[in-house]
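Structure record follows, encoded as structure tokens.
Just so you know, ligand 1 is whichever comes first in the structure, and atom 1 is the first atom listed for that ligand. As the structure is a prediction and not an experimental result, all values here were calculated from the model. When reading the values below, keep in mind they use all heavy atoms of this one structure, side chains included, and skip hydrogens, waters and symmetry mates.
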Amino acid sequence: MDEFGMGSKTIFSIHGPTVNPAAASDDPGPRAAGGSSGGSAAAVAAGQCRIALGSDTGGSVRLPAAWCGVVGFKPTYGRISRHGLVAYGSSLDTVGVLGRTVDDVRAAFQAVSVSDARDMTCMTQQVRSRIDRLVAQARPPASSVNKPLSGICIGIPAEYWVDELSDTTVDAWRSGADRLASLGADIVSVSLPHTKSALPVYYTIALAEASSNLARYDGIRYGRRSSEQPPNEATNASQKYANTRSEGFGDEVQRRILLGTYVMTSAACQQFYAPAQKLRRLIQQDFDAAFALPNAMHSGNRSRGEGVDALLFPTAIGPAPKLDGSSEESRVEAYVNDVMTVPASLAGIPAVSVPAGVSKNGLPVGLQLVAQYGDDEFLLETASRLCS
Ligand code: GLN
């Protein structure tokens, strides 16, 4: 994995990069496995295990799943306990499951999706029962065997149709929509107008939270401590912190802590952090407006309205990039890999990436299905139909 889950390629690690095992043998040079849970995806893709856990703050389960050609599921925020997980961005961090098939992922998810008093954001049994009731009322079970998705509406969000999408990705997206239509689903176009803000909003909020979460690594109460002795008593404590944190964190983590600390300063807070929080709300509301199912978190017991049951769009703009090209890539270009995955993270809603074919040079492509808050079972059911 990338150190502290910060990255999209599993290149920020003292152990070196994770190499994508799904790349074709005649493909020149190693390919990125995706990150930050690249090791989990690579292990599943290489057949070392059937399922693996990962953590998804902004796409770290879905992006490596897509690039390695496996299934990667980020459940609704709060479904799986985070007890034991090192915190990155606490309002976003979600444990996810990777596997070769949707059925494997679903079985593992059902085993770990239980309440846990040790994580205060983990849904209680009462909340789970309420959400399950709401979902069951809203959607009657499928009646037609040949057309199991009849009565189901799938949205294609216009804002994800960006120039940067590779041809293979566009083809995979079209075939995925055709496949769902052939099973009886209605395919409609929807708009999520605040999508373009998602990436900057994510990197503002995630880094602000990271700077706060990682403050505990001071080498005094917590974490590794530098053995270097400060020159004199006067500078003792602050110098010790500085040595510890400079030695202990990798460059990318230090960069992010600095950025996160900056956006939380009183001068920058109003300019960056506060607007990011407001935009996050608007991104959530875009999803609520698109889905037929009401959001159990915000809309009380409102019944099913107009809208779609799930959204379909690519997990990444293209297949896995070469590993050796990464040094030429700017920081901002690297962050752009997350453009398709961060919106669902900001909204706390479930999203799954499934394999959807390969590019001309044999690299896997992933498609993402996203559903309303709490609608995890329906999402996995639809994903398994998309793959079958
Ligand atoms: N690539 C994103 C980041 O670097 C997401 C990471 C994650 O989901 N852990 O923040």
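Of all the atoms in ligand 1, the ones that sit under 4.0 Å from a non-hydrogen atom of Asp56 are 8 (O). Atom numbering of ligand 1 starts at 1 in the shown order; those under 4.0 Å from a heavy atom of Tyr88 are 3 (C), 4 (O), 9 (N), 10 (O). The Tyr202 neighbourhood of ligand 1 comprises atoms 2 (C), 3 (C), 5 (C), 6 (C), 10 (O), with distances under 4.0 Å to a heavy atom of that residue. Close contacts between ligand 1 and Met6 involve ligand atoms 4 (O) [criterion: under 4.0 Å to a heavy atom]. Those atoms of ligand 1 that come under 4.0 Å of a heavy atom in Gly59, given as number and element, are 8 (O). Close approach of ligand 1 to Gly7 (heavy-atom distance below 4.0 Å) involves ligand atoms 1 (N), 2 (C), 3 (C), 4 (O), 6 (C).
Using a 4.5 Å cut-off on side-chain heavy atoms (C-beta onward), Glu159 and Lys196 make no contact. Side-chain atoms of Val44 and Cys49, non-hydrogen and from C-beta on, do get closer than 4.5 Å to each other. Gln110 places none of its side-chain heavy atoms less than 4.5 Å from the side chain of Val97. Looking at heavy atoms from C-beta onward, Lys9 lies in side-chain contact with Trp67 at the 4.5 angstrom threshold.
For Arg256, every heavy-atom contact with ligand 1 shorter than 4.0 Å involves the side chain, none the backbone.
For the ligand labelled ligand 1, residue Tyr335 lies outside the 4.0 Å heavy-atom shell. In this structure, Ala206 has no heavy atom closer than 4.0 Å to ligand 1.
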